[in-house]
Amino acid sequence: MASPATSIGNVACKPSALQAIVFEAPRQLQILDQLLLPFESVYVPIRNLEDGHRAIRTMQVRGAPAIAIVGVLALVVDALNSNRPVAPTAVGPFLTYIDDSIKYLLTSRPTAVNLFEATNRLTRHLENVAAAGTDVDGLKAALLAYGEAMLTQDIKDNRRIGRYGAEYILSGGHTPVHDGNQADPARSWSVLTHCNTGALATAGWGTALGIIRSLHAAVNSDNEHGHFQAYCTETRPYLQGSRLTAYELVHDGIPATLITDSMVSALLATHRIDAVVVGADRVTANGDTANKIGTYQLAIAARYHGVPMIVAAPTTSIDLGRRSGAEIEIEERPQEELLAVTGRVTLCGTPEAQGEEENVDASLPATTKYRMPLAAPGIQAWNPSFDVTPAALIDAIVTELGVVTKNAQGEFDLAGFIQTRR
Ligand code: MRU
């Protein structure tokens, strides 16, 4: 795929095609507007809490880890922004201000646990810093350091998830599907994924897509004969697969094929697929996993066809406080997302070029909004953004601490695993 048009929003455009979050400490935060990808790369500024909340709710930024990082960095720029001196100047009121800000941020999207987990840890951290004796400037410094550390830690974790997941698949750690050739890296390998779990959903590299990146690199570097093939679903209705995952795969030169969500069973029935690898928005203590709508039916189809179902999740996506998926709140999004495609079209050239070219009416807006109806007017639509895949249908959960498989009772012991590995 060619690079997207370099359209410039209200801030300078950045060169990196796959950097969802650009933070220039201490107070410049921009996000790549994922509503416009893959056709335009526009970075929009996040100047305060309200900007952060809006970007998460409207899904300009999405993906569980990216939501958490942008949420926390929105707190940082909000509290540090000298042009907007809203944060109180005494320690007690400052902590209350942060607490209220977090409560507001948490109303943006309910299902992914990462923002809840990150802000919980942040609250405890700031309370400890305050208890050790500091002023508001000290708290702001601690807040900034915490936000910056999230960015670097997420990439480290994703690299580990990628490596563990690729090793696990290559070593045939799972139930063999295609007898005789599981442990042979010099053959063809195929993996199916759903939604977008890559650089765009994280600080970089990705979780499930990180495994695909690592597996592709391992197969390609290891031999001359092996071949790697990724399949990705469209992921209706927001199209994270066809717009974002496909964009990342093409960008990286990974051989990849797009299918509609309804082609999954046919693909598994007719092609050799070594594993289904997906991300997670919240994994409960028993291994039940909330992820993008459609993951559940993918897991059912994978089990029927004997294909291992692998969940890639940093431990920040594991919610030991909830026993099972029944306790997860599933976000329902507007019907409109199903009923129509909406977007923005650039009428002519970049906004800067408008009016400078001949035959361009400078009075026209640089871009215009469009809405293309997809369904019969008057029909109702149900739009849950996530579903819960029961642990029974999951073969392995790949974390940055290693791969969790089931014990002799056929259960995941996530609490025990995390305790022993940390
Ligand atoms: O609605 P989205 O796009 O935020 O949903 C994203 C997913 O479901 C991802 O699979 C999940 O957040 C993991 S991202 C590493």
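If you're wondering where the values come from, they're calculated on a predicted model, not measured in any experiment.
Looking only at distances, a side-chain donor or acceptor of Thr58 sits under 3.5 Å from a matching main-chain atom of Arg54. A donor-acceptor pair under 3.5 Å is formed between the side chain of Thr111 and the backbone N or O of Glu329. Under a 3.5 Å cut-off, the side chain of Glu331 and the backbone N or O of Arg109 do not form any donor-acceptor pair. Glu337 places no side-chain N or O within 3.5 Å of a backbone atom of Asn383 that could act as its donor or acceptor partner. Checked by atom type and distance alone, the side chain of Ser265 never pairs as donor or acceptor with a backbone atom of Ala301 at under 3.5 Å. A side-chain donor-acceptor contact under 3.5 Å links Thr289 to the backbone of Gly287. Between the side chain of Tyr43 and the backbone N or O of Leu29, no donor-acceptor pair lies under 3.5 Å. With hydrogens and angles ignored, the 3.5 Å screen pairs a side-chain donor or acceptor of Arg243 with a backbone N or O of Tyr238. Side-chain atoms of Thr96 come within 3.5 Å of backbone N or O of Gly92 as a donor-acceptor pair. Under a 3.5 Å cut-off, the side chain of Asp99 and the backbone N or O of Leu95 do not form any donor-acceptor pair.
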* Asked: Val276 and Val278: side-chain contact (heavy atoms from CB on, under 4.5 Å), yes or no, with the steps?
  -> CA-CA 7 Å; Val276 174; Val278 296; 4.1 Å; yes
* **side-chain contact (heavy atoms from CB on, under 4.5 Å) between Leu268 and Tyr304, worked out** => CA-CA 9 Å; Leu268 294 172; Tyr304 182 80; over 6 Å; no
* To do: Just do the side-chain contact (heavy atoms from CB on, under 4.5 Å) check on Tyr231 and Val264 with the steps written out, would you?
  => CA-CA 10 Å; Tyr231 291 89; Val264 160; over 6 Å; no
* **Ser385 vs Glu332, side-chain hydrogen bond (donor to acceptor under 3.5 Å, both in side chains): CA-CA, chis, key distance, verdict** => CA-CA 6 Å; Ser385 196; Glu332 286 204 21; over 6 Å; no
* Take Thr257 and Gln229, measure what side-chain hydrogen bond (donor to acceptor under 3.5 Å, both in side chains) needs, and give me the verdict at the end. => CA-CA 8 Å; Thr257 301; Gln229 174 71 33; 2.7 Å; yes
* **Derivation and outcome, side-chain contact (heavy atoms from CB on, under 4.5 Å), residues Leu215 and Phe228** => CA-CA 8 Å; Leu215 193 53; Phe228 181 79; 3.5 Å; yes
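Atoms NE2 and CG, from His216 and Leu209 in turn, are 11.5 Å apart once rounded to the nearest 0.5 Å. From Leu244, atom CG reaches atom NE2 of His251 across 13.5 Å, with rounding to the nearest 0.5 Å. Within the model, atoms OG1 of Thr119 and CG of Leu106 stand 4.5 Å from one another, a figure rounded to the nearest 0.5 Å. For the atom pair CD1 (Ile161) and OG1 (Thr197), the distance works out to 10.0 Å, reported to the nearest 0.5 Å. In this structure, CE on Met309 lies 10.5 Å from CD1 on Ile397, to the nearest 0.5 angstrom. Remark: Asp78 CG to Ile46 CD1 distance equals 11.5 Å, nearest 0.5 Å.
Using modelled atom types, one finds no donor on one side chain facing an acceptor on the other under 3.5 Å when comparing Gln335 with Trp382. In summary, the side chains of Arg236 and Ser262 do not present any donor paired with an acceptor at a separation below 3.5 Å, with no hydrogens or angles considered. With hydrogens and angles left out, the side-chain atoms of Thr245 and Gln240 include no donor and acceptor closer than 3.5 Å.
Residue pairs meeting the salt bridge (charged side-chain N to carboxylate O under 4.0 Å, His left out) criterion with at least one partner in residues 146-158, sequence neighbours excluded, are Asp157-Arg160. Here salt bridge (charged side-chain N to carboxylate O under 4.0 Å, His left out) pairs that include residues 251-262, with residues two or more places apart or in two chains, are Arg213-Asp252. Residue pairs meeting the salt bridge (charged side-chain N to carboxylate O under 4.0 Å, His left out) criterion with at least one partner in residues 113-136, sequence neighbours excluded, are Glu117-Arg121. The salt bridge (charged side-chain N to carboxylate O under 4.0 Å, His left out) pairs that include a residue from residues 289-315 are Arg303-Asp395, where partners are two or more places apart or lie in different chains.
Contact between Ala256 and Leu249 at its shortest, heavy atoms only, is CB-CD1, 3.6 Å. Across Asp281 and Phe386, no two heavy atoms sit closer than the pair OD1-CE2, 3.2 Å. Heavy atoms only, all atoms of each residue included: Ala118 and Tyr146 are closest at O-OH, 2.6 Å. The minimum heavy-atom distance between Thr405 and Tyr168, with the atom names listed, is CG2-OH, 3.8 Å. Closest approach of Pro384 to Ile330, counting heavy atoms only: CB-CG2, 4.1 Å. Shortest non-hydrogen contact noted between Ile211 and Ala166 is CG2-N, 3.9 Å.
Heavy atoms of other residues, nucleotides or ligands lying less than 6.0 angstrom from OH of Tyr296 number 12 at most.
Partners of Tyr104 according to the ring pair (Phe, Tyr, Trp, His ring centres under 6.0 Å) rule, which considers only residues two or more places apart in sequence or in another chain, are His53. Partners of Arg163 under the salt bridge (charged side-chain N to carboxylate O under 4.0 Å, His left out) rule, at least two apart in sequence or in another chain, are Glu167. Every residue meeting the side-chain hydrogen bond (donor to acceptor under 3.5 Å, both in side chains) condition with Glu327, not counting sequence neighbours, appears here in chain and number order: Arg323. Not a single salt bridge (charged side-chain N to carboxylate O under 4.0 Å, His left out) links Arg159 to another residue, sequence neighbours left out. By the salt bridge (charged side-chain N to carboxylate O under 4.0 Å, His left out) test, Asp387 pairs with no residue at all, sequence neighbours left out. For Ser190, there are no side-chain hydrogen bond (donor to acceptor under 3.5 Å, both in side chains) partners at least two apart in sequence or on another chain. Legend: residues meeting salt bridge (charged side-chain N to carboxylate O under 4.0 Å, His left out) with Arg371, ordered by chain and number and at least two apart, are Glu336.
Of the residues Asn114, Asp319, Asp288, Asn291, the one that meets the side chain to side chain donor-acceptor pair (under 3.5 Å) test with Arg282 is Asp319.
You'll find the side chain of Val277 reaches within 4.5 Å of the side chain of Ile169, heavy atoms only. Annotation: side chain of Asn81 is not in contact with side chain of Asn48 (no heavy-atom distance under 4.5 Å). Under the 4.5 Å side-chain criterion, counting only non-hydrogen atoms from C-beta, Phe23 is in contact with Leu144.
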For residues 60-77, please give each side-chain donor-acceptor pair under 3.5 Å, one per line with the distance, not counting sequence neighbours.
unit_1 : atom_1 : unit_2 : atom_2 : d
Gln60  : NE2    : Asp33  : OD2    : 3.1
Arg62  : NH1    : Gln34  : OE1    : 3.1
Arg62  : NH1    : Asn196 : OD1    : 3.0
Arg62  : NH2    : Asn196 : O      : 2.8

